[in-house]
Student: 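This is the structure I have questions about; it appears just below.
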Amino acid sequence: MSEKPTKHTKVLIIGSGPAGYTAAVYAARAMLKPMLVAGMQPGGQLTITTDVENYPGFADVIQGPWLMEQMREQARAVGTDLVEDHIQSVNLKSKPFEAIGDGGQKYTADSIIISTGAQARWLNIESEEKFKGFGVSACATCDGFFFKDKTVAVVGGGNAAVEEAMFLTKFASKVQLIHRRNELRAEKLLQKKLMENKKIEIIWDSVVEEIIGDEEPKNVKGLKIKNIKTNEISELKIDGLFIAIGHDPATSLFKDQLEMDNTGYLITKSDSTETNVPGVYAAGDVKDKIFRQAVTAAGMGCMAALEAEKYLASN
């Protein structure tokens with residue numbers, strides 16, 4: 001088998017989602033003929049988000065996967081080369097930058113925009129792994145429907161956890177929110193809605209020790225939870241467990257090549273998407289652990305493309 005010819009581009013965008021697609025739209029319109037490598041989950045986290053009510057420009061509720069499809073088609077229409085591949089290694093130490101895909105395809109680029117996003121964090125206990133997909137989920141919007149008139153629990157205390165709990169009340173008869181602290185981190189308006197919802201019960205100062213369930217057929221029956229103040233262990237009867245304890249950025253590719261913070265988020269210059277390597281930019285959830293919204297990711301994608309254009313013009 002002969003080696004595949006190297007693909008070269010002025011702008012290589014790694015990752016899709018609102019940041020990647022928006023960067024592609026701006027770079028393509030600047031006549032830079034960008035190449036976007038979609039990655040393992042084309043469209044990113046929005047492809048597992050059903051109702052989107054906060055993306056500007058749509059008076060009616062829209063669907064996350066539909067929005068990503070529209071962005072992808074827009075990027076294609078203005079001239080982006082969309083590639084179905086997953087980058088498994090990069091070399092940012094020499095110019096042009098190099099990236100290698102899963103099948104060995106080599107890409108070289110004069111500039112790179114990283115929009116690899118983030119993924120849900122798990123509890124990492126043995127029983128969770130066992131019941132993942134059998135009553136344990138990290139996405140209420142994907143799986144909530146399966147728990148009609150059942151009892152479910154949500155683990156977490158931030159906006160995501162509160163939103164998941166609220167969403168699950170559409171289906172479940174009861175939702176128990178388990179939080180390790182005695183107050184929530186979620187924004188006040190969300191907390192108020194949560195407290196007013198009769199279907200939701202909050203279990204404070206507690207962590208999940210074990211998920212209990214049947215082997216055949218596999219399904220969740222309950223939880224062992226521990227009160228971290230009293231060390232008391234109690235059991236809850238539930239039919240499903242949703243994990244909403246935050247996200248981890250997909251940055252392992254860039255270890256030892258780009259500056260990151262202690263949780264792995266890429267660090268960029270102030271008011272900029274530029275990383276510590278000139279010509280390499282980071283946009284969206286891969287660098288933003290504060291806002292993590294589709295619209296802020298899209299905004300950063302725009303910034304990254306404009307900065308890349310300026311960089312290429314002066315080099």
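All values reported here derive from a predicted model rather than from experimental measurement.
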Student: Taking the side chain as every heavy atom from C-beta outward, state whether Glu196 and Lys192 have any atom pair closer than 4.5 Å.
Tutor: yes

Student: Is any side-chain heavy atom of Val83 less than 4.5 Å from a side-chain heavy atom of Met35?
Tutor: yes

Student: Applying side-chain hydrogen bond (donor to acceptor under 3.5 Å, both in side chains) between Thr108 and each of Lys95, His8, Lys7, report the one that passes.
Tutor: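 That would be His8.
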
Student: Would you sort out whether Glu232 and Lys226 count as a salt bridge (charged side-chain N to carboxylate O under 4.0 Å, His left out), showing the intermediate values?
Tutor: CA-CA 6 Å; Glu232 199 182 312; Lys226 178 168 109 176; over 6 Å; no

Student: Given the rule that I, L, V, M, F, W and Y join up when any side-chain heavy atoms are under 4.5 Å apart, are Ile100 and Leu36 in one cluster?
Tutor: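 No, Ile100 does not connect to Leu36 through the hydrophobic network.
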
Student: Regarding Gln105 and Asp85, do their side chains bring together a donor and an acceptor under 3.5 Å, going by distance alone?
Tutor: no

Student: Of all heavy-atom pairs between Leu12 and Ala99, which one has the smallest distance, and what is that distance?
Tutor: CD2-CB, 3.9 Å

Student: Taking only residues two or more places apart in sequence or in another chain, which ones pass salt bridge (charged side-chain N to carboxylate O under 4.0 Å, His left out) with Lys237?
Tutor: none

Student: Before accepting this row, confirm whether a basic side-chain N of the pair Lys33/Asp81 lies closer than 4.0 Å to the acidic partner's carboxylate O.
Tutor: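 Judged by the 4.0 Å cut-off on N to carboxylate O distance, Lys33 and Asp81 do not form a salt bridge.
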
Student: Got Phe171 and Phe146 here, is their nearest side-chain heavy-atom distance under 4.5 Å?
Tutor: no

Student: What I'd like to find out is whether the side chain of Tyr26 reaches to under 4.5 Å of the side chain of Leu32, using heavy atoms alone.
Tutor: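 They are not in contact (no side-chain heavy atoms under 4.5 Å apart), so the answer is no.
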
Student: Identify, with sequence neighbours excluded, every residue that meets salt bridge (charged side-chain N to carboxylate O under 4.0 Å, His left out) alongside Lys218.
Tutor: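 If we apply the salt bridge (charged side-chain N to carboxylate O under 4.0 Å, His left out) test to Lys218, skipping adjacent residues, there are no hits.
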
Student: Side chain of Gln191, backbone of Glu187: donor and acceptor closer than 3.5 Å?
Tutor: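 No, the answer is negative, given that no donor and acceptor are paired below the 3.5 Å cut-off.
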
Student: Go through the steps for Tyr107 and Val37 under the test side-chain contact (heavy atoms from CB on, under 4.5 Å), then give the verdict.
Tutor: CA-CA 10 Å; Tyr107 304 90; Val37 179; 4.3 Å; yes

Student: Take atom NZ in Lys289; do more than 12 heavy atoms of anything else shown fall under 6.0 Å from it?
Tutor: yes

Student: Between Val154 and Leu194, is there shared hydrophobic-cluster membership here, with clusters defined by ILVMFWY side-chain heavy atoms closer than 4.5 Å?
Tutor: yes

Student: Where is the tightest heavy-atom contact between Ser115 and Gly20, given as atom of each residue plus distance?
Tutor: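 Heavy atoms of Ser115 and Gly20 come nearest at OG-CA, 3.2 Å.
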
Student: I'd like to check the salt bridge (charged side-chain N to carboxylate O under 4.0 Å, His left out) partners of Glu215; sequence neighbours left out, ordered by chain and number.
Tutor: Lys130

Student: Should Arg72 and Glu69 be marked as a salt bridge (charged side-chain N to carboxylate O under 4.0 Å, His left out) after you check the CA-CA gap, both sets of side-chain angles, and the distance that decides it?
Tutor: CA-CA 5 Å; Arg72 187 184 67 221; Glu69 225 166 89; 5.3 Å; no

Student: Tell me whether Ser16 contacts the main-chain N or O of Gly43 through its side chain, where contact means a donor paired with an acceptor under 3.5 Å.
Tutor: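 Yes, the answer is positive, given that a donor and an acceptor are paired below the 3.5 Å cut-off.
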
Student: Start with the C-alpha distance between Lys229 and Asp205, add both sets of side-chain angles, then the distance that settles salt bridge (charged side-chain N to carboxylate O under 4.0 Å, His left out), and finish with yes or no.
Tutor: CA-CA 7 Å; Lys229 289 197 170 156; Asp205 300 314; 3.7 Å; yes

Student: Could you tell me whether Lys132 and Glu129 have a side-chain N and a carboxylate O separated by less than 4.0 Å?
Tutor: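 Salt bridge present between Lys132 and Glu129.
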
Student: Determine yes or no for a side-chain-to-main-chain donor-acceptor pair under 3.5 angstrom, with Asp261 supplying the side chain and Thr263 the backbone.
Tutor: yes

Student: State whether a side-chain donor-acceptor pair under 3.5 Å links Thr151 with Lys174.
Tutor: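 The answer is no; no qualifying pair exists.
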
Student: Salt bridge check, Lys224 against Glu210: does any charged N sit closer than 4.0 Å to a carboxylate O?
Tutor: yes

Student: Just wondering, do Lys193 and Asn197 contact through their side chains at under 4.5 Å, heavy atoms?
Tutor: no

Student: Tell me whether Ser111 contacts the main-chain N or O of Ala308 through its side chain, where contact means a donor paired with an acceptor under 3.5 Å.
Tutor: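 Between the backbone of Ala308 and the side chain of Ser111 there is no qualifying donor-acceptor contact (under 3.5 Å).
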
Student: Between Ala153 and Ile178, what is the shortest heavy-atom contact and its length?
Tutor: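 Minimum heavy-atom contact is CB-CD1, 4.0 Å.
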
Student: When you compare the side chain of Val152 with that of Gln176, does any pair of heavy atoms fall below 4.5 Å?
Tutor: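 Sidechains of Val152 and Gln176: no contact.
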
Student: Apply side chain to side chain donor-acceptor pair (under 3.5 Å) to residues Glu274 and Thr268 and explain how you reach the verdict.
Tutor: CA-CA 5 Å; Glu274 192 183 349; Thr268 58; over 6 Å; no

Student: Treating Asn276 as the side-chain partner and Glu259 as the backbone partner, does any N or O pair qualify as donor plus acceptor under 3.5 Å?
Tutor: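 Yes; judged by distance alone, with no hydrogens or angles, the pair exists.
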
Student: Is any side-chain N of the basic residue among Arg121 and Asp248 closer than 4.0 Å to the acidic one's carboxylate O?
Tutor: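 The answer is yes: the pair qualifies as a salt bridge.
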
